[in-house]
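First the structure, then my questions, so here it is.
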2 protein chains.
Amino acid sequence: MEDKKELDQRKAMILKAVIDNYIESFEPVGSRTIAKRYDMGLSSATIRNEMADLEEMGYLSSPHTSSGRVPSTKGYRTYVDNMLKPAIERPELASDIISKLEDKMTEYGKLIRACAEIISDITQYIAIGTTKGSGKVIVKAVQLVPVDDQNVLVVMVPDGSIKSKLVKLPAPISADRIIGLSSVFNRTFSGKPAEFISLMSINRISDEADIARDMLLPITDGIFDCIRQCEADEFFTEGASRLLKCPEFDSVDKARDFIDMIQDKDVLEQIVNLSDDESGLTVSIGTENASDGLSDFSVVSAKFNVDGNCIGSVSVVGPTRMDYQKVISSLEYMKRMLEKKAATDAGPKLLEDKNGEDQI
Amino acid sequence: MEDKKELDQRKAMILKAVIDNYIESFEPVGSRTIAKRYDMGLSSATIRNEMADLEEMGYLSSPHTSSGRVPSTKGYRTYVDNMLKPAIERPELASDIISKLEDKMTEYGKLIRACAEIISDITQYIAIGTTKGSGKVIVKAVQLVPVDDQNVLVVMVPDGSIKSKLVKLPAPISADRIIGLSSVFNRTFSGKPAEFISLMSINRISDEADIARDMLLPITDGIFDCIRQCEADEFFTEGASRLLKCPEFDSVDKARDFIDMIQDKDVLEQIVNLSDDESGLTVSIGTENASDGLSDFSVVSAKFNVDGNCIGSVSVVGPTRMDYQKVISSLEYMKRMLEKKAATDAGPKLLEDKNGEDQI
DNA sequence: GGTTAGCACTCGAAGGAGTTGAGTGCTAAC
DNA sequence: GTTAGCACTCAACTCCTTCGAGTGCTAACC
């Protein structure tokens with residue numbers, strides 16, 4: 001009552017104990033439980049007093065008069081900021097993750113999906129992934145692949161990704177023509193920013209390749225489509241059903257509401273845009289979340305940066321009493337691994353400035 | 001009591017009324033409800049007697065002594081087989097579906113996914129789609145697309161689909177080399193069945209194109225990978241969260257169990273393999289299902305055939321008291337539309353035997 | 001003989017009273 | 001500052017009653 005300044009060490013210890021317990025049991029924690037489970041050399045009465053102080057200070061709250069205490073957003077915040085052990089290395093996880101990623105490493109879209117999957121697997125919460133639509137798409141290459149006499153696969157290679165679209169031409173055309181056309185397209189567009197691909201260029205190609213404009217239209221449409229795919233942020237959700245295993249969903253209504261919410265574009269945006277420009281992780285707890293519907297949930301978000309560009313993000317959504325330790329350390333670990341691997345290993349974009357001195 | 005032969009017309013009418021009611025309300029149906037809601041010119045007492053008969057005959061059952069009646073599997077079966085109105089055309093749906101399918105028509109995998117999505121949207125139940133891995137894959141075309149100096153996109157075109165895989169070569173190579181190589185690969189493999197692509201051919205290509213074998217290996221690996229993708233049956237589930245909206249999931253446990261079950265490969269197999277070789281729809285009701293876990297659910301399954309080959313299937317899974325009318329008619333409709341559209345319209349495979357008389 | 005009205009009976013669902021136990025706040029003693 | 005002790009609170013549980021929808025059966029009716 002007298003002083004309401006910072007947490008002293010004992011209060012901090014008790015706060016941590018309460019939160020640890022609550023995370024584990026999802027039940028309001030009483031003073032006696034703490035006294036018994038942690039050998040602090042304090043009686044339940046003393047702890048009771050401290051807990052009353054913590055409540056007054058806003059770190060804890062009680063659902064009703066005579067029940068144990070539950071952490072508040074402020075309590076979780078302190079816990080997350082100050083009380084977590086530094087992320088531990090988990091070599092046993094590492095090899096597993098690496099092997100799962102190995103296959104996917106060639107394209108960022110698939111890669112991030114794989115990350116989200118793995119993270120959801122590890123943490124048992126929902127993981128939401130995004131691939132960041134790079135604002136300005138640079139076309140590295142365009143290729144046309146003849147499929148049959150009237151269908152052409154348009155392949156566009158921007159940075160760090162590959163997009164393709166099958167288009168149907170208004171009339172049959174020979175494979176050789178397509179291949180010839182392919183090199184005209186490639187010559188015209190490669191290295192150019194996406195804005196460059198305007199209708200103007202069609203006329204140029206039409207002249208150069210001596211081909212009717214309406215044969216080219218579906219192809220350029222296809223390219224536009226690929227560009228649009230690149231520019232668009234993509235969302236995907238992994239492990240939604242897992243959340244049903246959380247005891248907080250004791251009624252089906254809650255589960256329903258949550259699932260409805262998590263499918264709302266706006267909420268997804270909020271979840272994902274949460275992390276600011278920093279390169280680290282962001283944790284948003286309970287009422288800290290912008291969206292009301294998320295006030296009983298926490299979001300831990302990691303952005304993945306390669307070569308200074310954000311290529312996407314993975315966020316974990318779980319109940320406020322989530323296992324922060326686990327979530328944060330696995331996300332951090334994933335982020336480190338992915339960025340390191342991307343920097344040393346494949347990924348089309350990273351080879352740009354190499355010289356082809358070994359060329360065969 | 002006296003005679004236990006077939007349903008007479010009145011019994012059938014009452015049975016249908018009970019099932020209609022139960023499907024709507026998910027509550028045991030009493031004789032009075034029927035008497036009031038349907039103007040049959042019969043009192044509740046008479047209907048009560050008839051319902052007792054229906055129970056004795058196995059079409060209905062009552063959860064406990066003094067509650068209304070609930071349809072049994074046999075009851076549903078009779079309902080589905082004899083009492084549904086023929087599928088109605090829904091022009092308003094048609095245009096919607098067609099426009100949604102338009103975009104996806106180029107590849108069967110995406111197409112069936114889109115179908116499952118639409119069906120789940122319409123029916124509000126879970127839809128499970130599969131693409132049938134065609135046993136014997138015929139390689140229509142192989143193309144290599146240079147991405148940058150060390151990465152190559154391997155594109156393989158089998159029937160009705162397109163697969164691609166990005167591979168990394170052990171050493172840089174020029175785009176022109178790749179394009180040259182591409183035509184060698186294509187010449188060697190196109191029109192050949194997948195089995196043909198053996199290690200033998202690598203040597204041949206290695207000779208013909210004058211290139212080191214270890215540069216070719218990643219590429220053939222990529223092709224193998226594409227073939228494997230074609231051969232594999234693929235599953236996907238749409239609208240799983242919708243099922244939570246069914247009142248039968250009054251407890252979270254049930255929902256959990258169901259979601260666990262629906263993710264089990266074996267159960268999925270059963271759901272999908274349910275439909276026999278017939279070309280129509282298959283309905284499996286409650287206890288008719290092979291898997292115990294599904295005994296409170298019904299599955300309606302449609303196989304899609306194009307040119308006499310099954311290209312995949314979509315199944316709807318819902319509670320036994322699902323709206324069969326809606327599910328069956330929309331699935332049937334979808335099947336008809338898809339097959340018709342596939343027969344008249346694009347889809348790479350369908351152009352094969354056309355001559356390129358219009359060639360530009 | 002089929003149909004109907006009437007009545008006693010059944011049984012789950014809903015609501016309320018009493019009990020239990022974990023937990024609190026407060027006070028007084030150490 | 002810490003602790004023991006005690007009165008108090010309140011959700012959760014159990015037990016009990018009431019309520020009503022629905023049944024089966026019987027006797028009367030057309």
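Reminder, nothing fancy here: chain letters follow the sequence lines and each chain counts from 1.
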Whole-Å distance, B/Asn49 CG to C/dG2 C1', equals 10 Å
Item to check | hbond_proxy B/Ser43 side chain to C/dT4 base (donor-acceptor, 3.5 Å cutoff) | outcome: no
### Task
Please check if atom CG in A/Asp81 has more than 12 non-hydrogen atoms from other residues, nucleotides or ligands closer than 6.0 Å.
yes
key: Lys/Arg N to Asp/Glu carboxylate O, B/Glu248 vs B/Lys254, below 4.0 Å   = no
Of the candidates D/dT3, C/dG25, D/dG24, the side chain of A/Arg69 sits closest to C/dG25
In whole angstroms, the gap separating P of C/dG2 from CZ of B/Arg10 amounts to 9 Å
Between CD1 of A/Ile47 and C1' of C/dC26 the distance, given in whole Å, is 18 Å
- Message: Just to be sure I understand the rule, does B/Ser31 reach a base, reach only the sugar-phosphate, or reach nothing, if contact means heavy atoms closer than 4.0 Å?
- Response: sugar-phosphate
note: A/Asn21, atom CG; C/dA22, atom P; distance rounded to Å ~ 16 Å
Paired to C/dG2 by Watson-Crick or G-U wobble criteria (both distances under 3.5 Å) is D/dC29
Rounded to whole Å, the CG-C1' distance (B/Leu54 to D/dT23) equals 15 Å
Re D/dG20: Watson-Crick or G-U wobble partner, both distances kept under 3.5 Å, found to be C/dC11
Using a heavy-atom cut-off of under 4.0 Å over every strand shown, decide if A/Thr65 touches base, sugar-phosphate, or nothing.
sugar-phosphate
- Message: At 4.0 Å (heavy atoms only), tell me whether A/Ser67 reaches a base, stays on the sugar-phosphate, or touches nothing.
- Response: sugar-phosphate
Taken to the nearest whole Å, CG/B/Leu42 to P/C/dA5 is 11 Å
Is there a donor and acceptor pair closer than 3.5 Å between the side chain of A/Arg48 and the base of D/dG5?
yes
- Task: Look at the side chain of B/Ser66 and the base of C/dT10, then say whether one donor and one acceptor between them are separated by less than 3.5 Å.
- Result: yes
Between A/Ala127 and A/Ala116 the two heavy atoms that sit nearest each other are CB-O, 3.4 Å
The residue, A/Ala45 or A/Arg32, whose nearest nucleotide of DNA chain C is more 5′ is A/Arg32
Checking N1-N3 plus N6-O4 or O6-N4 for Watson-Crick, or N1-O2 and O6-N3 for wobble, each under 3.5 Å, the partner of C/dC30 is D/dG1
Nearest-nucleotide check on DNA chain C, A/Thr33 vs B/Gly41; residue mapping nearer the 5' end is B/Gly41
Worksheet item: Do B/Val283 and B/Tyr76 have side-chain heavy atoms sitting under 4.5 Å apart?
Response: no
Atom CE of A/Met51 and atom C1' of C/dA22 are separated, to the nearest Å, by 12 Å
In whole angstroms, the gap separating P of D/dG1 from CD of A/Glu50 amounts to 10 Å
Any non-hydrogen side-chain atom of B/Glu27 less than 4.5 Å from a side-chain atom of B/Asn21?
no
